[in-house]
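Below, chains carry the letters A, B, ... as their sequence lines are ordered, and counting in each starts from 1. Just so it is clear, the values below take in all heavy atoms, side chains as well, and ignore hydrogens, waters and symmetry mates. Nothing here was measured: the structure is a model prediction, and the numbers come from that model.
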Amino acid sequence: MSEETSSPESSPPENTRRISVDYLARVEGEGAMHLFMKDGEVADVKLKIFEPPRFFEAFLRKRSFREAPDITARICGICPVAYQMSACHAMENAAGVQVTGQLRELRRLLYCGEWLESHGLHVFMLHAPDFLGYASGIEMARDHRDLVEMGLKLKKIGNDIGNVLGGREIHPVNVKVGGFYKVPYARDFQKLKEDLKWGADASEKTARWAAQLPFPDFEQDYEFVSLSHPDEYAMNEGRVVSNRGLDIDITDYETHFEEQHATYTNALHSVLKGHGPYFVGPLARFNLNFDRLTPRAQALARETGLDGTCLNPFKSIIVRAVEMLYACEEALRVLENYERPDKPAIEVDPAGHRGCGLTEAPRGSLYHRYEIGEDGLITSAKIVPPTSQNQKIIEDDLRKFAPQYVHLPDDKLQWHCEQAIRNYDPCISCATHFLKIERKELS
Amino acid sequence: MSSPPTKKRLAVWKFASCDGCQLSLLDCEDELLAVGEAIDIVNFPEATRYFEPGPYDLSLVEGSVTTPHDAERIQQVRRESKFLVTIGACATAGGIQALRNFRDADVAEMASVVYASPEYVSTLETSTAISDHVAVDFELRGCPINKKQLLEVILAFLHRRKPTVSHHSVCVECKLRGNVCVMTAHGTPCLGPVTHAGCGAICPAYDRGCYGCFGPMETPNTASLARQWKALGASDDEVKRAYRSFNGYAEAFRTESEKHE
């Protein structure tokens, strides 16, 4: 499967044992992980990506700013709303306008749907099977039918939000720079309210169930980075903060973060200048914004052994369940206060300006930056997806995690390493789209 | 229906894509477990570590061919597959990444890379549909595909019949849904008259024009629609960009877009 066999890293030094997971099952996209062992020690770890580059940053140029949400959605079919949100916020930032009131609330609602859908998929179909020793959620359902059915129903509620508000679950059509094309009537949300109440209870059950899974003892001293907002559990707006003192405006993102190119992968690795690798995603949000979760979500976290801090990435399965509860409650809050706005969108004119947006995709912070010409066409684009930010942390984890399993046969060791990667819910297809790849000029 | 003596074996393949079309199978929340009982899912890396080698009875192929390695891999997939179905705009038309194929793509500029080690990346000059490389038994349209149509394809395969998938335009779906025509009523440019059905006319239902994510219908009158767009005030560049998106390299859309360069 791998096309990496000719790269120099594929030739391990002498006396080494090479474990290669050439096609990481159950992460979206394609990745490969190479682990080099020397004298029983982990000598090196490389996480490779052989997702074909797709040139998004290149072909966004000369497209209208209005097209950015729909085009960038196609970077990732699992978190299209995140791409649409970051693109919209970047354009609105460029235009110097803000979406407020009910339109802002509807955006939160849509994001709640995506968190529910994506977390539901990851918790039940991708992550839980690892802990219980099943190859997939479908296989797990043979012994745990009720559990998997509950998970699928939770996931479906998320997708239903996407359907009602976005028109469809994957690549929703209703998101527009400035708001929406059409805003639903309150009656359109009736069924969702009942479902979300059930979903909140089901999320609680999920967290309690997840809390009794066998977790490896693996707490690490991470730098967590996420969006943080004073009044709410951040999704679309706020400042970029870390547990080691970072506290910046989104527009300063590129002065603090830089992407480095590792030669063994198509993806860039993002690092925090002067700090190093950092961790984005549910664990980061949870640790940095715990007190802005709802009281019920905070209580659930405490009950499941997470008192505001979680340093074990394997326990992200519990944190995702807590975030699912939050998403259900937050979505209900929006629906219960919903008054259909008079206009579906505000006017946005970013022509001649530069703008940035950073929002919280289910798997972590997603940064977009655009420059727009006087004609309204994009002149440059930059996109930093969550998985490229987590990639160095994943490799760090593997270096520390793998040694305790090196005595196991390859297939067992491989599964443990895969699990350590899946903790991050990596969307490998997200992590390579943004490269501008060499294209030789035709002579 | 009584179960066949041995279950058919399903494989799901990914080429250059966003993963959204194969996710559509996992998004069949109400049907997924039944699908898993009706057909053996023996190769689906997005969903399972479980793997059995080919041959496979049914292969669902997502994504376009953009690397030399993938150009070889699709041949292997074809050899291992009795019935091969492409799912989505990437696999049937090259996808949004096929924008690299057009002559106005700035090759020289794209070559001036930020990428430190281009020797580690191999990519083709083009992003092409699966049918440009191998014989395809059925093509399912959409960016993304409609999951109900995906279930229909799997069901039809298991029942050894042809999938029932409409080939008319999105306009017919608007009529079926009871949508007001956004073009005649609001003057909103819409690709519905030339776009393949399948989505259920969702964009017009949300007060926006269709943007063609299911690609061209059979024998579309793209030139006539382009004239109508211009009558509504669209510029040539806007017409070009409209035809040149997620199915931009599908022939009917490609040739029309080239008239507006």
Student: Under 4.5 Å from any heavy atom of chain B, what part of A:Asn163 do you find: side chain, backbone, both or neither?
Tutor: backbone
Student: Side-chain contact, heavy-atom cut-off 4.5 Å: B:Cys213 with A:Arg74?
Tutor: yes
Student: If you look at every heavy atom in A:Lys156 and B:Asp30, which pair is closest and at what distance?
Tutor: NZ-OD2, 2.6 Å
Student: Counting C-beta onward and ignoring hydrogens, is there a side-chain heavy-atom pair between A:Asp375 and B:Asp237 closer than 4.5 Å?
Tutor: no
Student: At a heavy-atom distance under 4.5 Å, which candidate from A:Arg142, A:Glu149, A:Arg145 has the highest pair count against chain B?
Tutor: A:Arg145
Student: Would you check if B:Asp27 and A:Lys155 make a side-chain contact, meaning some heavy-atom pair closer than 4.5 Å?
Tutor: yes
Student: Restricting to non-hydrogen atoms, name the atom on B:Tyr211 and the atom on A:His171 that form the minimum distance, rounded to 0.1 Å.
Tutor: OH-O, 4.2 Å
Student: Can you give me the closest heavy-atom contact between B:Glu29 and A:Leu152, atom names plus distance?
Tutor: CG-O, 3.2 Å
Student: Tell me which of these, A:Gly167, A:Pro344, A:Pro184, has more heavy-atom pairs under 4.5 Å with chain B than the rest.
Tutor: A:Gly167
Student: Rounded to the nearest 0.5 Å, what separates atom OG1 in B:Thr188 from atom OH in A:Tyr181?
Tutor: 10.0 Å
Student: Decide, yes or no, whether a salt bridge links A:Lys176 with B:Asp207 under the criterion of side-chain N to carboxylate O below 4.0 Å.
Tutor: no
Student: Using heavy-atom distances under 4.5 Å, tell me whether A:Ile71 contacts chain B through its side chain, its backbone, both, or neither.
Tutor: both
Student: Is the closest side-chain heavy-atom distance between B:Leu99 and A:Lys62 below 4.5 Å?
Tutor: no
Student: A:Ile138 versus B:Thr48: any side-chain heavy-atom pair under 4.5 Å?
Tutor: no
Student: With a 4.5 angstrom heavy-atom cut-off, which part of A:Ile157 approaches chain B: side chain, backbone, both or neither?
Tutor: neither
Student: Look up atom CZ in B:Arg208 and atom CG in A:Asp70, then write down how far apart they are to the nearest 0.5 Å.
Tutor: 4.5 Å
Student: What part of B:Ser127 gets within 4.5 angstrom of chain A, counting heavy atoms only: side chain, backbone, both, or neither?
Tutor: neither
Student: Side chains of A:Glu169 and B:Pro144: does their closest heavy-atom pair fall under 4.5 Å?
Tutor: no
Student: Heavy atoms only: give me the nearest A:Ala141-B:Leu33 pair and the separation to one decimal.
Tutor: CB-CD2, 3.6 Å
Student: Locate the shortest heavy-atom distance separating B:Gln97 from A:Phe59; write the atom from each residue and the value.
Tutor: CA-CE2, 3.8 Å
Student: What pair of heavy atoms forms the shortest contact from B:Tyr206 to A:Val164, and how long is it?
Tutor: OH-O, 2.6 Å
Student: Look at B:Gly36, B:Gly20, B:Cys143, B:Cys203 and state which one has the largest set of heavy-atom pairs under 4.5 Å with chain A.
Tutor: B:Cys143
Student: Heavy-atom distances under 4.5 Å only: say whether B:Glu37 touches chain A with side chain, backbone, both or neither.
Tutor: side chain
Student: Is any side-chain heavy atom of B:Arg49 less than 4.5 Å from a side-chain heavy atom of A:Pro129?
Tutor: no
Student: Against chain B, label A:Val148 side chain, backbone, both or neither, depending on which of its atoms sit under 4.5 Å from a heavy atom there.
Tutor: side chain
Student: Is there a donor-acceptor pair under 3.5 Å between the side chain of A:Arg63 and the backbone N or O of B:Arg241?
Tutor: yes
Student: Check whether B:Ser245 gets within reach of chain A through its side chain, its backbone, both or neither, counting any heavy atom under 4.5 Å.
Tutor: both
